[in-house]
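This report concerns only the one structure given below.
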Amino acid sequence: QLVLVESGGGLVQPGGSLRLSCTASGAPEHIYIIGWFRQAPGKEREAVSCISGSGGRTNHADSVKGRFSISRAKNTVYLEMKSLKPEDTGIYYCASTYAYSEPCEVLEYDTWGQGTQVTVSS
């Protein structure tokens, strides 16, 4: 059974950077797709970025294109976030699925981590 654990959240000023990590265990890394999602208070969970099992395909929400990047190395998937804005604040979750599609869709992911808080504020 795949288990996902996020880390790397925190408080950062607008314009700053953070790198989130999603470490997976319980399955060979090449067979699962990982997506990053976020949920702000009072809002629905939304897709941020996702990456295929090989790492060769990625997709980003329009709101983060050019600022966020996603990569994977062995059993860890990274979300590099730059030029952070207050509207990027929320709980960030990583999740997995076994079929890659674009754009990333919340309902297609079935295993979720516990989330990590990202707060962008001065």
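Since the model is a prediction, treat every value here as computed from it, not as a measurement.
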Which heavy-atom pair separates [X] from [Y] by the least distance, and what is that distance?
{"X": "Ala27", "Y": "Leu2", "value": "CB-CD1, 3.9 Å"}
{"X": "Gln114", "Y": "Leu4", "value": "OE1-O, 3.9 Å"}
{"X": "Glu108", "Y": "Thr97", "value": "O-OG1, 2.8 Å"}

Practice problem: Taking salt bridge (Lys or Arg N to Asp or Glu O under 4.0 Å) as the test, write out the residues that go with Asp62, two or more places apart. | Solution: Lys65
Practice problem: Enumerate the residue pairs fulfilling salt bridge (charged side-chain N to carboxylate O under 4.0 Å, His left out) with a member in residues 86-100, sequence neighbours excluded, ordered by first and then second residue. | Solution: Arg38-Asp88, Arg67-Asp88
To the nearest 0.5 Å, tell me how far [X] [atom1] sits from [Y] [atom2].
{"X": "Ser71", "Y": "Ile51", "atom1": "OG", "atom2": "CD1", "answer": "6.0 Å"}
{"X": "Arg72", "Y": "Leu79", "atom1": "CZ", "atom2": "CG", "answer": "13.5 Å"}
{"X": "Thr111", "Y": "Ile34", "atom1": "OG1", "atom2": "CD1", "answer": "8.5 Å"}
{"X": "Tyr100", "Y": "Ile33", "atom1": "OH", "atom2": "CD1", "answer": "9.0 Å"}

Can any side-chain N or O of [X] pair as donor or acceptor with the backbone N or O of [Y] at less than 3.5 Å?
{"X": "Ser49", "Y": "Trp36", "value": "no"}
{"X": "Asn59", "Y": "Glu102", "value": "no"}
{"X": "Glu6", "Y": "Gly115", "value": "yes"}
{"X": "Ser52", "Y": "Arg57", "value": "yes"}

Quiz item: Honestly curious: do Val3 and Tyr92 fall in one hydrophobic cluster under the side-chain, below-4.5 Å linking rule?
Solution: no
Quiz prompt | Residue pairs fulfilling ring-ring contact (aromatic ring centres under 6.0 Å, His included) with at least one residue in residues 103-122, sequence neighbours excluded | solution = Phe37-Tyr109, Phe37-Trp112
Would you be so kind as to tabulate the donor-acceptor pairs closer than 3.5 Å made by side chains of residues 11-18, with sequence neighbours excluded?
none

Test item: [X] and [Y] side chains (from C-beta on) under 4.5 Å apart, heavy atoms:
{"X": "Phe68", "Y": "Leu84", "answer": "yes"}
{"X": "Met81", "Y": "Val118", "answer": "yes"}
{"X": "Gln39", "Y": "Tyr93", "answer": "yes"}
{"X": "Thr116", "Y": "Ile91", "answer": "no"}

Practice problem: Applying side-chain contact (heavy atoms from CB on, under 4.5 Å), name anything that partners Ser21, two or more places apart in sequence or on another chain. | Solution: Ser7, Thr76, Tyr78
Exercise. Scan for disulfide bond (SG atoms under 2.5 Å apart) pairs involving residues 65-122, sequence neighbours excluded, and state none if there are none.
Key: Cys22-Cys94, Cys50-Cys104
